[in-house]
Novice: 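So that we are looking at the same thing, I have put the structure below in structure tokens.
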Amino acid sequence: MTVAPPKSALPPLSPDLIARFASIVGDKYAVTDADELAPYLTEERNLFHGRSPLVLRPASTAEVSAICRLATEHRIALVPQGGNTGLVGGQTPHNGEVVVSMRRMDKIREVDTASNTMTVEAGAVLQTIQQRAGEVDRFFPLSLGAEGSCTIGGNLSTNAGGTGALAFGVARDMALGLEVVLADGRILNGLSKLKKDNTGYDLRNLFIGAEGTLGIITAAVLKLFPKPRAVATAFVGLTSPADALKLLAISQAEAAGSLTSFELLAGICVDICVRHGPDVRDPFGKRHPWYVLMEISSSRDDAAATLEAILRRGMADGTVEDAVIAASLQQRAAFWKLREVIPMAQKPEGGSIKHDISVPVAAVPAFIAEADAAVMKLIPGARPVAFGHLGDGNIHYNVSQPVTGMATQEFLGRWHDVNAMVFAVALRMGGSISAEHGIGVLKRDDLPRVKDGTAIDVMRGIKALLDPLGIMNPGKVL
């Protein structure tokens, strides 16, 4: 599968301009060597291969501002980049743009336990933020498979979701304020800790989810939450997604806001993880068609009792076939590892056509049934690998190639056909083609077909206002 890079008429970068850009950050932090550039030009799934003459690694907001001023002066395109863990090509320089890597801007500027906030720079790694919150007896709930390397700036720029969205929302819901450098170098200082502020338009939310096309996020004020006193985790075997939906209803009735994760996994997910994942074991002796990984987090010591009550109800009415409750931190980690290694375990299975869709929660079982039937009719032998966040309707609907009879490149050549089929099912059910990964380049050409025309016009108008020269991450999203 190949994705055509966005076309660009921007001028090439002259040696003189390279030197001027380098003088802003210092020669040590201006990367021009081909071998050193390479890690910034590709991404994990190997779908996109970029090119760039220069990667700049600023250490301060002032340096980012100077970079943007110089770029505007000479109409040089910029691509902001965090941990380079994005999945839709938004962080890749497709046409020789200058990459602005935010990884050096990784300071935690302030932790305020009275207001339950943490002010961090955009290059702070998500896991570091989680750990720092824990050190002050607080909790930062954004959690992703890439949390050991992704950065908060990238999380906010893509409005990342993750496994905690059911209880805490997505990245947008966890930020109170932003500091952003605009295309012309002006600094928008919105690092507010206020939960209530009705002084005009909500500019913060313009930049969250904008994928660096409107400005470069340099810092953020994040919400912190009380650290749970008790966490109980279970791996549950079920017959169908419909039964998983019934279990979700039971869980929400019993646990209310203490239900913090509810992950749905098709049986094939466990199969491939056990087959290919390092140190991964099936929690059960018997294979089940579907599984749920669920977690209760409580400020009191009642998490285990609540979880047991949920499972008893589920077993009593036949919703749950079997369940295992984690008896230790090690077992809990093993359950989550099985969930997190699914993308890695898919790779040895051959080509994989991936989707990040959302539908209303009640429609998830119907979506999976219709999408499965459509995909297997289109490509006989194709293997749907569905998993994701059932509690908020976000399903990663991946399709692995047939075991026999079709070469990988032939299968990946059907990428757009499969996309069209899956997207059509999701949209018919009132869903979205992008739940938490963003648009980037991968879904850019699909957006005008699925988004309200007036909304697209407004988005283009905002882009033209804030980035009239089109230098901020050009060719992405729009």
Side-chain angles (χ1 to χ4, degrees), residues 43-45 82-88 90-91 118 120 122 124-134 138-176 205 208-209 211 217 220 222-225 227-228 231 233 248 251 257-265 269 291-297 332-333 335-344 354-359 361 364 386-398 431-432 434-440:
E43 40 74 54
E44 183 201 355
R45 295 203 295 194
N84 196 16
T85 60
L87 298 173
V88 293
Q91 76 278 22
M118 182 186 300
V120 303
V125 172
L126 176 55
Q127 191 171 72
T128 301
I129 294 170
Q130 295 168 343
Q131 291 170 346
R132 185 70 182 95
R138 297 294 187 275
F139 176 56
F140 185 65
L142 186 63
S143 182
L144 316 171
E147 62 193 28
S149 53
C150 65
T151 63
I152 195 64
N155 299 149
L156 292 168
S157 292
T158 57
N159 191 27
T163 58
L166 170 62
F168 299 100
V170 293
R172 185 186 307 279
D173 302 303
M174 301 180 200
L176 288 170
N205 275 324
I208 297 176
E211 300 184 46
I217 295 174
L222 306 176
K223 297 179 185 176
L224 300 181
F225 296 83
K227 189 175 182 179
V231 176
T233 310
L248 176 63
S251 302
S258 63
L259 178 67
T260 47
S261 295
F262 200 92
E263 300 290 295
L264 178 68
L265 296 79
C269 296
Y291 299 89
V292 160
L293 172 57
M294 59 182 297
E295 196 156 86
I296 306 292
S297 304
R332 174 179 181 260
F335 288 173
W336 279 106
K337 183 174 183 180
L338 199 157
R339 163 64 177 85
E340 290 161 1
V341 302
I342 295 171
M344 181 277 292
K354 303 190 176 188
H355 307 89
D356 165 44
I357 66 90
S358 62
V359 294
V361 173
V364 169
F387 63 97
H389 322 303
L390 179 61
D392 53 38
N394 176 194
I395 301 299
H396 301 297
Y397 188 81
N398 299 346
S432 168
S434 179
E436 62 180 359
H437 292 167
I439 297 298

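What's counted below: heavy atoms across the whole structure, side chains too, no hydrogens, waters or symmetry copies.
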Novice: Of the non-hydrogen atoms in V364 and G393, which two are nearest, and what is the gap between them?
Specialist: CG2-CA, 4.0 Å
Novice: Are T260 and F139 side-chain neighbours, meaning at least one heavy-atom pair lies under 4.5 Å?
Specialist: no
Novice: Hey, does the side chain of S261 reach the backbone of T163 with a donor-acceptor pair shorter than 3.5 angstrom?
Specialist: yes
Novice: R172 side chain to G209 main-chain N or O, any donor-acceptor pair under 3.5 Å?
Specialist: no
Novice: Give me the atom names and distance for the closest heavy-atom approach of A171 to N155.
Specialist: CB-O, 3.7 Å
Novice: What residues, two or more places apart in sequence or in another chain, satisfy salt bridge (charged side-chain N to carboxylate O under 4.0 Å, His left out) together with E211?
Specialist: none
Novice: Testing the basics here: between G161 and V170, what is the closest heavy-atom pair and its distance to 0.1 Å?
Specialist: CA-CG1, 3.8 Å
Novice: Looking at CD of Q127 and CG of L144, how far apart are the two atoms once the value is rounded to the nearest 0.5 Å?
Specialist: 11.0 Å
Novice: Which distance, rounded to the nearest 0.5 Å, do you find between the CD1 of I152 and the CD1 of I217?
Specialist: 9.0 Å
Novice: So, do F262 and V292 sit near enough that their side-chain heavy atoms are less than 4.5 Å apart?
Specialist: yes
Novice: Could you go step by step and tell me if D173 and F168 meet the side chain to side chain contact (heavy atoms under 4.5 Å, CB included) rule?
Specialist: CA-CA 7 Å; D173 302 303; F168 299 100; over 6 Å; no
Novice: If you round to the nearest 0.5 Å, how far is CG of L142 from SG of C150?
Specialist: 7.0 Å
Novice: Which pair of heavy atoms, one from G391 and one from L248, lies closest together, and at what distance?
Specialist: CA-CD2, 4.0 Å
Novice: Assess whether side chain to side chain contact (heavy atoms under 4.5 Å, CB included) is satisfied between F335 and E263, documenting all intermediate values.
Specialist: CA-CA 11 Å; F335 288 173; E263 300 290 295; over 6 Å; no
Novice: Applying side chain to side chain contact (heavy atoms under 4.5 Å, CB included) to R138 and M118, what does each step give before you reach the verdict?
Specialist: CA-CA 10 Å; R138 297 294 187 275; M118 182 186 300; over 6 Å; no
Novice: What distance separates E340 CD from E147 CD, expressed to the nearest 0.5 Å?
Specialist: 6.5 Å
Novice: Under the 3.5 angstrom rule, does the side chain of K223 hit a backbone N or O of L176 as a donor-acceptor pair?
Specialist: no
Novice: Mind running side chain to side chain contact (heavy atoms under 4.5 Å, CB included) on H389 and L166 for me, showing each step along the way?
Specialist: CA-CA 8 Å; H389 322 303; L166 170 62; over 6 Å; no
Novice: Specify whether F387 and H396 have parallel, tilted or perpendicular ring planes, treating 30° as the upper limit for parallel and 60° as the lower limit for perpendicular.
Specialist: tilted
Novice: Roughly how far, to the nearest 0.5 Å, is CG of L265 from CG of L338?
Specialist: 7.0 Å
Novice: Would the distance check show the side chain of H355 and the main-chain N or O of Y397 forming a donor-acceptor pair, the cut-off being under 3.5 Å?
Specialist: yes
Novice: Could you tell me whether the side chain of K354 reaches within less than 4.5 Å of the side chain of H437, counting heavy atoms only?
Specialist: no
Novice: Has E436 got a side-chain atom pairing as donor or acceptor with D356's backbone, closer than 3.5 angstrom?
Specialist: no
Novice: With a sphere of 6.0 Å drawn around CD of E44, does it hold more than 12 non-hydrogen atoms of other residues, nucleotides or ligands?
Specialist: no
Novice: What pair of heavy atoms forms the shortest contact from S358 to A435, and how long is it?
Specialist: CB-CB, 3.7 Å
Novice: Indicate yes or no: at least one non-hydrogen side-chain atom of Q91 is less than 4.5 angstrom from one of N84.
Specialist: yes
Novice: R332: what forms a salt bridge (charged side-chain N to carboxylate O under 4.0 Å, His left out) with it, not counting sequence neighbours?
Specialist: E295
Novice: Quick one: does F225's side chain get under 4.5 Å of P141's, heavy atoms only?
Specialist: yes
Novice: How about L126 and F140: do any of their side-chain heavy atoms sit closer than 4.5 Å?
Specialist: yes
Novice: Identify the two heavy atoms, one from A386 and one from C269, that lie closest to each other, and give their separation to 0.1 Å.
Specialist: O-SG, 3.5 Å
Novice: Is I395 close to V359 at the side-chain level, that is, under 4.5 Å between some pair of heavy atoms?
Specialist: no
Novice: Can you tell me how far the CG atom of N394 sits from the CD1 atom of I357, to the nearest 0.5 Å?
Specialist: 7.0 Å
Novice: Any sub-3.5 Å donor-acceptor pair from Q130's side-chain atoms to V125's backbone N or O?
Specialist: no
Novice: Between V88 and I439, is any pair of side-chain heavy atoms under 4.5 Å apart?
Specialist: no
